[in-house]
Amino acid sequence: MNAACAKYGVKLNYKASIRCERYKRTGEILPDSAIEEFKKLDSIFLGAIGHPDVKPGILEVGILLKTRFALVNTSTCGR
């Protein structure tokens with residue numbers, strides 16, 4: 001990502017890191033405050049989601065689906 005951005009003069013601002021360690025430590029996957037932060041951004045890049053210590057589907061639903069449903073009304077995609 002950084003190499004491509006440098007080549008094309010694009011600047012990325014890495015705001016947050018949502019990691020499995022939070023879920024393992026607190027049981028919280030994606031706090032509502034993260035959704036509010038997402039709403040302020042122009043775009044969101046999510047890398048791979050999952051962890052061998054967490055049952056498949058938990059992180060995917062808790063991050064991907066929660067984000068999609070929360071942002072569906074704020075998206076300008078396809079307009």
Side-chain angles (χ1 to χ4, degrees):
M1 292 281 295
N2 290 334
C5 287
K7 180 177 179 176
Y8 294 102
V10 175
K11 183 178 181 224
L12 293 180
N13 183 359
Y14 297 101
K15 288 263 184 183
S17 178
I18 300 165
R19 304 181 59 87
C20 180
E21 284 75 22
R22 176 204 326 257
Y23 173 73
K24 290 174 22 181
R25 190 178 65 252
T26 68
E28 180 181 48
I29 298 171
L30 184 67
D32 292 337
S33 61
I35 296 292
E36 293 306 312
E37 286 297 315
F38 290 167
K39 290 178 181 179
K40 300 174 188 174
L41 303 174
D42 293 326
S43 63
I44 301 167
F45 174 78
L46 295 172
I49 295 178
H51 192 280
D53 293 341
V54 179
K55 183 179 173 183
I58 292 174
L59 297 175
E60 295 83 352
V61 168
I63 295 172
L64 293 177
L65 292 182
K66 181 176 180 176
T67 300
R68 286 180 183 160
F69 290 134
L71 300 181
V72 71
N73 291 327
T74 62
S75 174
T76 58
C77 206
R79 290 186 189 171

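Numbers for residues simply follow the sequence, beginning at 1. Below, all heavy atoms of this structure are taken into account, side chains as well, without hydrogens, waters or symmetry copies.
Listed by chain and residue number, Arg22, Glu28 satisfy the side chain to side chain contact (heavy atoms under 4.5 Å, CB included) test with Thr26 (two or more places apart in sequence, or in another chain). Not counting sequence neighbours, the partners of Glu21 by the side chain to side chain donor-acceptor pair (under 3.5 Å) test are Arg19.
Once rounded to the nearest 0.5 Å, the distance linking OH of Tyr23 with CG of Leu59 reads 7.0 Å.
In this structure the side chain of Leu65 never reaches within 4.5 angstrom of the side chain of Glu60, judged on heavy atoms.
What you find for Gly62 and Leu30 is that their closest heavy atoms are O-CB, 3.6 Å.
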In residues 40-58, what donor-acceptor pairs under 3.5 Å come from side-chain atoms, sequence neighbours left out?
unit_1	atom_1	unit_2	atom_2	d
Lys40	NZ	Glu37	OE2	3.2
His51	ND1	Asp53	N	3.0
Asp53	OD2	Lys24	NZ	3.1

